[in-house]
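First up is the structure itself, then whatever we jot down about it.
Lettering follows sequence order; numbering is per chain, from 1.
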Protein chains: 2
Amino acid sequence: MKQVDTDDITSLILEVFRLNGALTAAGDRLVGDLGLSSARWQVMGAVALAPAPLTVPGIARDMGLTRQSVRRVVRELVSEGILALEPNRAHRRSHLVVLTRRGARLYSEASARQRPWAAALAQDVPARSLVLATNLVRTLRERLEEST
Amino acid sequence: MKQVDTDDITSLILEVFRLNGALTAAGDRLVGDLGLSSARWQVMGAVALAPAPLTVPGIARDMGLTRQSVRRVVRELVSEGILALEPNRAHRRSHLVVLTRRGARLYSEASARQRPWAAALAQDVPARSLVLATNLVRTLRERLEEST
DNA sequence: TAGCAAATGACAGCATGCTGTCAATTCGTA
DNA sequence: TACGAATTGACAGCATGCTGTCATTTGCTA
């Protein structure tokens with residue numbers, strides 16, 4: 001029987017809202033004792049995984065956030081010695097963001113915790129299902145960003 | 001070719017973060033001129049679609065948020081004449097939240113806008129794909145909430 | 001029925017993300 | 001090369017969601 005109140009796309013939207021909240025909370029719990037959070041961890045991930053050092057607006061573009069949101073997190077992490085700013089030959093004011101040695105250690109530890117956590121979360125879910133869902137979510141997100 | 005940096009479940013997680021942001025922004029744009037927002041609209045939806053009137057903690061449970069987050073939005077909407085609080089026979093302090101006539105009108109207008117918007121967003125996506133993705137997202141969310 | 005645990009409202013404070021504004025810098029193009 | 005548009009950092013303020021705390025009310029159970 002079909003739902004009367006919400007159609008298929010609306011159901012997906014509401015579930016995405018709830019999963020987002022649950023993921024953020026779980027991430028906060030997973031790395032909270034390291035002095036990290038979901039938001040900090042994600043910024044560090046963008047820095048750690050980029051093929052070349054990024055600027056603050058570059059991180060924001062990578063994450064789909066505004067440069068101002070990223071800016072505040074980056075400044076906090078810099079003030080705590082987790083990230084550092086390096087001169088940028090391509091731009092006098094916009095520095096490159098890199099992990100300090102301490103930041104790299106913390107990110108390693110977070111990654112080590114994330115691997116078994118993610119494996120447990122996805123247990124018994126076929127990889128193909130994950131990929132299909134990811135592609136659908138990406139398609140919807142791209143459509144929304146186009147219409148901006 | 002497989003990604004080297006992130007596995008399938010991590011890719012899905014990152015896309016869910018981005019879709020969440022894009023959906024919230026799109027919702028804000030869609031109903032902003034009505035004096036609404038994604039958050040306000042969702043609370044009104046929980047109230048409008050509930051089979052029986054809900055309390056603030058009831059709305060929070062329905063949405064997967066804390067009662068304190070919902071409480072502030074509800075108080076704002078009450079102060080603006082969009083929601084109203086009614087006596088609750090089952091609990092002296094915890095009132096029932098209902099839409100005012102004005103709130104119902106606004107919710108109608110928001111729904112009228114949402115229908116074509118949602119249809120366009122899901123255009124050419126098979127209903128079956130939406131349902132499969134929704135079920136997967138729900139499964140992941142439930143696993144995360146269990147482990148709390 | 002008495003008492004204790006859970007639920008609830010209220011208040012306070014914090015984290016995360018957004019917008020708007022302004023000056024400095026960079027970049028494309030005429 | 002010079003000018004105008006786009007990018008960027010900085011500052012300010014707001015919306016949304018969270019946690020912690022405390023008193024009140026409910027509800028379960030011994």
Side-chain angles (χ1 to χ4, degrees), chain A residues 17-29 31-33 35-44 46 54-80 85-97 144-145 148, chain B residues 17-29 31-33 35-44 46 54-80 85-97 144-145 148:
Chain A
F17 285 150
R18 298 193 66 163
L19 179 58
N20 178 77
L23 284 169
T24 301
D28 288 345
R29 284 196 301 273
V31 297
D33 66 295
L36 300 182
S37 64
S38 286
R40 289 174 161 212
W41 184 11
Q42 278 181 264
V43 167
M44 291 166 73
L54 295 172
T55 62
V56 163
I59 297 171
R61 281 187 290 268
D62 192 59
M63 295 176 63
L65 302 179
T66 64
R67 76 186 198 282
Q68 301 293 41
S69 306
V70 172
R71 176 184 171 270
R72 210 207 37 252
V73 173
V74 165
R75 291 191 52 153
E76 271 184 19
L77 293 176
V78 167
S79 79
E80 295 179 27
L85 299 177
E86 291 190 342
N88 181 1
R89 263 184 276 167
H91 199 298
R92 198 183 308 173
R93 291 172 78 205
S94 196
H95 293 172
L96 298 174
V97 181
L144 289 171
E145 289 182 350
T148 299
Chain B
F17 286 150
R18 299 193 64 163
L19 179 57
N20 179 77
L23 284 169
T24 301
D28 288 345
R29 283 196 302 273
V31 297
D33 66 297
L36 300 182
S37 64
S38 287
R40 290 174 161 214
W41 184 12
Q42 278 181 263
V43 167
M44 292 167 72
L54 295 172
T55 62
V56 163
I59 297 170
R61 281 187 290 267
D62 191 60
M63 295 175 63
L65 302 179
T66 64
R67 76 185 199 283
Q68 301 294 43
S69 306
V70 172
R71 175 184 172 271
R72 209 204 41 247
V73 173
V74 166
R75 289 191 53 152
E76 272 184 17
L77 293 177
V78 167
S79 81
E80 296 180 24
L85 300 177
E86 291 191 344
N88 181 1
R89 264 183 276 167
H91 199 297
R92 198 181 309 174
R93 291 172 78 204
S94 196
H95 293 174
L96 297 174
V97 181
L144 289 171
E145 290 181 351
T148 299

Pair A/D28-A/S37, side-chain donor/acceptor within less than 3.5 Å: no
Please report the distance, rounded to the nearest Å, between [atom1] in [X] and [atom2] in [N].
X: A/E145; N: C/dC18; atom1: CD; atom2: P; answer: 11 Å
X: A/Q68; N: C/dT21; atom1: CD; atom2: P; answer: 13 Å
X: B/L85; N: C/dT8; atom1: CG; atom2: C1'; answer: 14 Å
X: A/R75; N: D/dG9; atom1: CZ; atom2: P; answer: 11 Å
X: B/R92; N: C/dG9; atom1: CZ; atom2: P; answer: 14 Å
X: B/N88; N: D/dT26; atom1: CG; atom2: P; answer: 9 Å
X: B/R18; N: C/dC18; atom1: CZ; atom2: P; answer: 11 Å
X: A/R67; N: C/dT21; atom1: CZ; atom2: P; answer: 13 Å

Is [Y] close to [X] at the side-chain level, that is, under 4.5 Å between some pair of heavy atoms?
X: A/Q68; Y: A/R72; value: no
X: B/M44; Y: B/L36; value: yes
X: A/I59; Y: A/L65; value: no
X: A/T55; Y: A/H91; value: no

From [options], pick the nucleotide closest to the side chain of [X]?
X: A/L65; options: C/dG9, C/dC18, D/dA10; answer: C/dC18
X: A/R61; options: D/dT8, C/dC18, D/dC11; answer: D/dT8
X: B/R93; options: C/dC18, C/dT8, D/dG9; answer: C/dT8

5′-ward residue of the pair A/H95/B/G64 relative to DNA chain D: A/H95
A/M63 or A/H91, whichever maps to the more 5' nucleotide of DNA chain C: A/M63
Write down the protein N/O and nucleotide N/O pairs, taken from nucleotides 13-16 of chain C, whose separation is under 3.5 Å; answer none if there are no such pairs.
residue : atom : partner : partner atom : Å
C/dT16  : OP1  : A/S37   : OG           : 2.5

Donor-acceptor contact below 3.5 Å, side chain A/R40 vs main chain A/E76: no
Shortest non-hydrogen contact between B/R18 and A/G64, atoms and distance: NH2-CA, 3.5 Å
D/dC18 phosphate, OP1 or OP2, under 4.0 Å from B/T66 side-chain N/O: yes
